[in-house]
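Comments concern the structure below.
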There are 2 protein chains.
Amino acid sequence: MRPQKVNDESLMAGLLEVLRSKGYDGASLSELSMATGLKKASLYHRFPGGKKQIAESVMLEVRAWIKQEVLDVLKNKKMKPKDRLDTALGRIEEFYAWGEKSCILRALSMDCGMEQVGDLVQASMESWQKGFLKLGQDMGLSKKKAEKRALESLILIQGSLVVAKGSRSPQAFKYAIEKIKSIYL
Amino acid sequence: MRPQKVNDESLMAGLLEVLRSKGYDGASLSELSMATGLKKASLYHRFPGGKKQIAESVMLEVRAWIKQEVLDVLKNKKMKPKDRLDTALGRIEEFYAWGEKSCILRALSMDCGMEQVGDLVQASMESWQKGFLKLGQDMGLSKKKAEKRALESLILIQGSLVVAKGSRSPQAFKYAIEKIKSIYL
DNA sequence: GTCTATAGCTAGATAGAC
DNA sequence: GTCTATCTAGCTATAGAC
């Protein structure tokens with residue numbers, strides 16, 4: 001058993017960076033290899049299922065991240081709702097580098113014929129909305145109103161990241177964060 | 001001069017469909033060929049610059065479409081502001097098939113190393129926002145407020161289309177359309 | 001203007017040495 | 001576990017017949 005040249009955390013981080021920026025079809029194994037510091041054959045050793053498994057593994061991590069940093073934080077009854085929101089939004093700002101980075105959910109929801117990846121994107125979005133739903137309800141909103149604001153929060157983040165990328169300015173993302181804060185005032 | 005097998009309108013429509021759904025890297029010439037009914041070599045006859053020129057041409061059309069159906073409609077002083085908004089939103093709903101189709105701006109704002117395409121995406125987004133800015137100002141809003149709502153309209157559309165795709169339901173898009181109507185009430 | 005055929009390359013994936 | 005070398009399929013792009 002030779003030691004791993006690159007640990008799992010660093011490996012997954014490199015794969016995520018390429019996938020979120022280039023998407024599934026745009027992310028070549030050569031680029032994934034360069035970004036991680038592992039040669040192609042080594043990537044196949046870590047992910048015998050190849051590029052498909054790489055995308056699935058990254059999305060599994062992202063789904064877990066959203067559950068932990070968004071859903072679990074937003075429904076954490078030990079904190080005041082306002083503090084939960086600030087905490088979750090802080091993690092989100094960091095994850096998207098204050099609007100400089102694309103969203104992996106957006107990148108991997110393009111049509112690329114990967115059913116499993118699509119399922120994980122869907123689950124991640126549902127988890128996100130569930131978190132904001134709980135937050136809204138804990139703030140005293142009706143289920144219907146809380147659902148609407150949860151949907152709006154996801155739309156604002158996704159939309160602002162697309163606009164930030166397209167217009168080459170993170171301004172839209174900062175606007176979205178403030179807007180989300182304001183709808184939960 | 002042999003007659004064209006496929007006219008420009010139908011040709012561009014086929015190319016747009018593939019590009020908005022698969023993105024630049026995911027759209028292969030084989031698929032563009034199938035979608036348009038022209039063989040690969042014929043596509044090179046129409047677009048000597050190859051796939052790059054295809055993407056640029058599609059984006060040129062999209063930019064023109066947004067100028068005509070969004071910007072020009074929203075700033076048309078011959079109509080009442082409310083009617084301008086309803087007209088533009090109607091065109092937008094149709095263009096995105098009520099949330100069933102992806103946005104080409106989103107698809108082509110992924111990193112694919114095409115500077116010119118990125119410029120056209122940026123210009124299209126600016127044109128969109130300029131239209132909603134004029135609408136807001138004609139409704140009596142301050143420039144600052146009108147700019148914010150213009151940005152929000154673009155974010156809502158882009159975000160809702162990503163969410164609609166990812167959660168496999170056009171519900172988010174319908175929500176966004178209603179939301180835009182409500183912020184210009 | 002469209003086509004068939006094919007060049008030249010890079011993609012994803014595998015075999016086997018170390 | 002990582003690597004070099006290599007396979008095959010698919011890609012973008014071109015040549016030349018009709």
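In the text below, chain A, chain B and the rest are named by the order of the sequence lines, each starting its count at 1.
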Can a side chain N or O of A:Y44 be found less than 4.0 Å away from OP1 or OP2 on C:dT14?
no

Under the 3.5 angstrom rule, does the side chain of A:K179 hit a backbone N or O of B:E152 as a donor-acceptor pair?
no

For the hydrophobic clusters of this structure (ILVMFWY residues joined by side-chain heavy atoms under 4.5 Å, transitively), does one cluster hold both B:V58 and B:M34?
no

Nearest-angstrom distance from the residue atom OH of A:Y24 to P of C:dA11:
14 Å

How many whole angstroms separate atom CG of A:L15 from atom P of C:dG12?
13 Å

If you assign each of B:K51 and B:R2 to its closest nucleotide in DNA chain D, which residue comes earlier from the 5' end?
B:K51

Do the non-hydrogen side-chain atoms of B:V62 and B:L105 ever get within less than 4.5 Å of each other?
yes

Whether B:K51 engages the ring of B:Y24 as a cation-pi pair (distance to the six-membered ring centre under 6.0 angstrom, angle to the ring normal within 45°) should be assessed.
yes

Which two nucleotides bound the region of DNA chain D that has atoms under 4.0 Å from heavy atoms of chain A, read 5' to 3'?
D:dG1 to D:dT4

Quick check on the hydrophobic clustering: are B:M110 and B:V162 connected, directly or via other members, by side-chain heavy-atom contacts under 4.5 Å?
no

Rounded to the nearest angstrom, tell me the gap between atom NZ in B:K40 and atom C1' in C:dC9.
13 Å

Aromatic ring pairing A:F132/A:Y184, orientation class (parallel under 30°, perpendicular over 60°, tilted between)
tilted

Round to the nearest Å and state the distance from B:K39 atom NZ to C:dT6 atom P.
16 Å

If only side-chain N and O atoms of A:S30 are considered, is one of them under 4.0 Å from the OP1 or OP2 phosphate oxygen of C:dA11?
yes

With A:W65, which residues qualify under ring pair (Phe, Tyr, Trp, His ring centres under 6.0 Å), at least two apart?
A:F95

Without decimals, in angstroms, what is the distance between A:H45 NE2 and C:dA13 P?
17 Å

Have a look at B:S28 and say if it touches a base, only the backbone sugar-phosphate, or nothing, with a 4.0 Å heavy-atom cut-off.
sugar-phosphate

Round to a whole Å and report the spacing from CZ of A:F47 to P of C:dG12.
15 Å

Interatomic distance, A:K52 NZ vs C:dT14 C1' [rounded to whole Å]:
18 Å

